[in-house]
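Whatever order the structure lists ligands and atoms in, that order sets their numbers, starting from 1.
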Amino acid sequence: MIELPIVTQPSEATTYAAEPQGEETATQERRLYIETYGCQMNVNDSEIVKGILRRYGFRPTDKIDQADVIFLNTCSVRENAERKIFERLRHLRHFKRKKEDLVIGILGCMAERLRKDLVQKEPIVDLVVGPDEYRKLPTLVQAAQQGEKGIAVKLSRVETYDDIEPLRTEGISAWISIMRGCDKFCTFCVVPFTRGRERSRPLRSIVAEVQRLWDQGFKEVTLLGQNVNSYRCPDTQQDFADLLAAVARAVPAMRIRYTTSHPKDMSDKLIETMAAYDNICKYIHLPVQSGSDRILALMNRTYTAEQYLERIEKIRSIIPHCTLSTDIIAGFPTETEEDHQATLELMKQVRYDGAYMFKYSPRERTKAWKMGDDVPEEVKLRRLQEIIELQNAISYEKNQELIGSVEEILVEGPSKRNPEEWQGRTDGNKVTIFPYDQNLQPGDRIYVRIVRATSATLFGERVDQPH
Ligand code: 5AD
Ligand code: SF4
């Protein structure tokens, strides 16, 4: 087993495997298959990994049985996410038996968290590579093909892969990481341990990437980070609102989204910037986690329910029809029935359009881990169920309110259920289904009058005018 020397500076990339040239690349083509789990950051990281390995003759494939290298890009945020990976590894055993020199690698947060244990526990794993070490993949894969196992899990204070062109699947919507890591240390969250300290990419290079994406035919970008509103340009100190404005101005027809925000850093300037540009989507994902001040303090979220609600009011006063979504955790340590009721109460007050709702999952190394996991499983499940039911009812009601209105839709393509119908999204990020018409192309912007709605989907008919 090799543990590579610790390299944290991207500029040291020259110490890695030599880049094959011309002919050599063509004859040595190898196939890379990546499965991505977890958040959107991982989706973009997988594209970065493909971008790094492309230079070494690796071509992406979506056929796992043809792959020379299989990577699982993993998530550690809840135990369930890790359980899925162990199950997946069991399925991969027979590929390894069939093809002796197949390389299997675990990337991402689980690699960072479990390190050596992963190789010891799962003999079919050849490589364990954390989120800041992807530049080493060419060297590590080469060594693994010669039978040497590899682990690279050093976290970096500077790595942003700023110079790597992610290899994206064709489409109309692209993800762009603008910053990496998180310094918030919410007490339940493993991310600061698996993704390290916060660091941002230079504003100019992000704007240039968005411009290139527009030239390549993308119509929508989502600026990504664990906590985008702590963004700070390392060269000019410009903040996230400055970045959003710069991107919006540079590519005025591109739809611009971002995620995720921390309520503490949701500044007036940012809300005003969103309001000032038509091409910045009026949609904010603002995780609240709990409606109880006592639990919020234990979570180290650094705001109270009242302060959170004040931000929501501010958003609604500046952007009246802003779509809002959130994250909520049920059953955090010591959570009482009263705390749980406070969460339901806050949900009723805000009336989110949507929510990602989770059962608390204790994670080693976090502060909450030491608080114990004292809410019984059945209580956690019941509370989660109540949260989900309430949210579904609110989402349903909010979507009914849209019936009769005309929404601008960015057309994505055939709907998943019925190819006779197509789907797209509203500015507020709501999936909308409409009848297929032969003049439609993915990437078109059309107007759709909403005629029917469920809690998750809008249904409508194409119209010519916005009103
Ligand atoms: N248990 C349950 N949910 C968690 N999240 C993060 N850590 C945990 C955990 N230990 C949720 C939070 C966060 C989202 C990405 O995942 O709600 O906002
Ligand atoms: Fe985790 Fe909190 Fe950072 Fe989000 S802000 S990644 S929940 S520590």
Side-chain angles (χ1 to χ4, degrees), residues 37-45 74-84 108-110 112-113 131 155 177-200 222 224-231 240 258-266 284-292 295-303 308 311 324-335 339-340 343 346-347 350 352 354-375 377 379-381 383-384 387-388 391:
Y37 297 80
C39 64
Q40 267 77 32
M41 289 293 290
N42 267 7
V43 175
N44 190 230
D45 276 5
T74 61
C75 170
S76 280
V77 85
R78 282 167 294 276
E79 199 187 343
N80 231 348
E82 293 196 351
R83 202 173 301 136
K84 259 196 230 156
C109 289
M110 210 172 145
E112 193 61 49
R113 202 180 83 76
L155 288 171
S177 302
I178 59 158
M179 48 101 63
R180 299 177 73 84
C182 182
D183 288 352
K184 292 282 185 223
F185 287 93
C186 301
T187 57
F188 51 79
C189 186
V190 78
V191 167
F193 304 96
T194 59
R195 286 188 164 267
R197 298 290 57 77
E198 244 170 54
R199 66 219 101 114
S200 301
T222 306
L224 288 177
Q226 242 67 47
N227 183 17
V228 282
N229 38 23
S230 317
Y231 172 86
F240 182 60
Y258 65 89
T259 195
T260 291
S261 304
H262 193 287
K264 179 86 178 172
D265 301 324
M266 193 75 219
I284 302 177
H285 180 63
L286 201 61
V288 67
Q289 314 295 2
S290 168
S292 151
I295 296 293
L296 287 170
L298 284 175
M299 287 177 163
N300 189 33
R301 289 293 289 180
T302 66
Y303 54 80
Y308 181 91
R311 286 294 80 196
L324 287 164
S325 64
T326 199
D327 292 345
I328 296 176
I329 298 178
F332 186 81
T334 78
E335 187 188 72
D339 296 319
H340 169 59
T343 298
L346 181 136
M347 291 170 69
V350 178
Y352 296 104
Y356 301 89
M357 299 157 282
F358 311 103
K359 186 170 65 108
Y360 171 68
S361 168
R363 309 312 287 138
E364 235 173 316
R365 291 180 76 191
T366 62
K367 272 201 174 161
W369 173 262
K370 298 187 198 92
M371 298 177 196
D373 183 18
D374 60 346
V375 179
E377 182 68 11
V379 175
K380 273 190 202 170
L381 279 173
R383 288 181 188 164
L384 178 63
I387 289 170
I388 292 172
Q391 184 52 49

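- Residue-to-ligand polar distances place Phe188 within reach of ligand 1: an N/O pair is separated by less than 3.5 Å.
- Close contacts of ligand 2 with Gln226, meaning ligand atoms under 4.0 Å from a residue heavy atom, involve 6 (S).
- Among Ser76, Cys189, Ser290, Ser361, the residue whose heavy atom lies closest to atom 10 (N) of ligand 1 is Ser361.
- Near Val191, the atoms of ligand 2 lying under 4.0 angstrom from a non-hydrogen atom of the residue are 6 (S).
- Counting protein heavy atoms only, atom 6 (C) of ligand 1 is closest to Val77 CG2, 3.5 Å.
- If you number the atoms of ligand 2 from 1 as listed, the ones under 4.0 Å from a heavy atom of Phe188 come out as 7 (S).
- Nearest to atom 2 (C) of ligand 1 among the protein's heavy atoms is Lys359 O, 3.4 Å.
- For Arg195, the heavy-atom gap to ligand 2 stays at 4.0 angstrom or more.
- Classification of Asp45 and Arg180 as a salt-bridged pair holds, one side-chain N sitting under 4.0 Å from a carboxylate O.
- The nearest heavy-atom contact from the protein to atom 2 (Fe) of ligand 2 is Cys186 SG, 2.3 Å.
- The single protein non-hydrogen atom nearest to atom 18 (O) of ligand 1 is Asp327 OD2, 2.6 Å, given as residue, atom name and distance.
- Checked by atom type and distance alone, the side chain of Thr194 never pairs as donor or acceptor with a backbone atom of Arg113 at under 3.5 Å.
- From Asp265, atom CG reaches atom OG of Ser230 across 4.5 Å, with rounding to the nearest 0.5 Å.
- Applying the 6.0 Å contact sphere to NZ of Lys184 captures more than 12 heavy atoms from other residues, nucleotides or ligands.
- Given atom 17 (O) of ligand 1, the protein heavy atom at minimum distance is Gln289 OE1, 2.7 Å.
- Of the options Thr187, Asp374, Asp373, a side chain to side chain contact (heavy atoms under 4.5 Å, CB included) to Pro333 is made by Asp374 and by none of the others.
- The closest donor-acceptor contact from the side chain of Lys359 to the backbone of Leu384 lies at 3.5 Å or more, if one exists at all.
- In summary, the atoms of ligand 1 found under 4.0 Å from a heavy atom of Arg363, numbered by their order in the structure, are 10 (N).
- Of all atoms in ligand 2, listed by their number and element, those nearer than 4.0 Å to a heavy atom of Pro192 are 8 (S).
- Using a cut-off of 2.8 Å, one finds that Cys189 contributes an N/O/S atom close to atom 1 (Fe) of ligand 2.
- Ring orientation note: the planes of Tyr303 and Tyr308 are tilted relative to one another, at an angle of 30° to 60°.
- Of all the atoms in ligand 2, the ones that sit under 4.0 Å from a non-hydrogen atom of Arg301 are 2 (Fe).
- At a 4.0 Å heavy-atom cut-off, ligand 1 touches Ile329 through the side chain alone.
- Enclosure of atom CZ in Phe185 by more than 12 non-hydrogen atoms of other residues, nucleotides or ligands within 6.0 angstrom is indicated.
- Although no hydrogens or angles enter the test, the distance criterion places no donor-acceptor pair under 3.5 Å between the side chain of Asn229 and the main chain of Phe240.
- Thr326 places a side-chain N or O within donor-acceptor distance of the main-chain N or O of Val288, the cut-off being under 3.5 Å.
- Using a 4.0 Å cut-off to heavy atoms of Cys182, the atoms of ligand 2 that qualify are 3 (Fe), 5 (S), 6 (S), 8 (S).
- What sits closest to atom 5 (N) of ligand 1 on the protein, heavy atoms only, is Arg78 NH1, 3.4 Å.
- Side chain of Thr74 to main chain of Met110: a donor-acceptor pair is present (N/O by atom type, distance under 3.5 Å, no hydrogens or angles).
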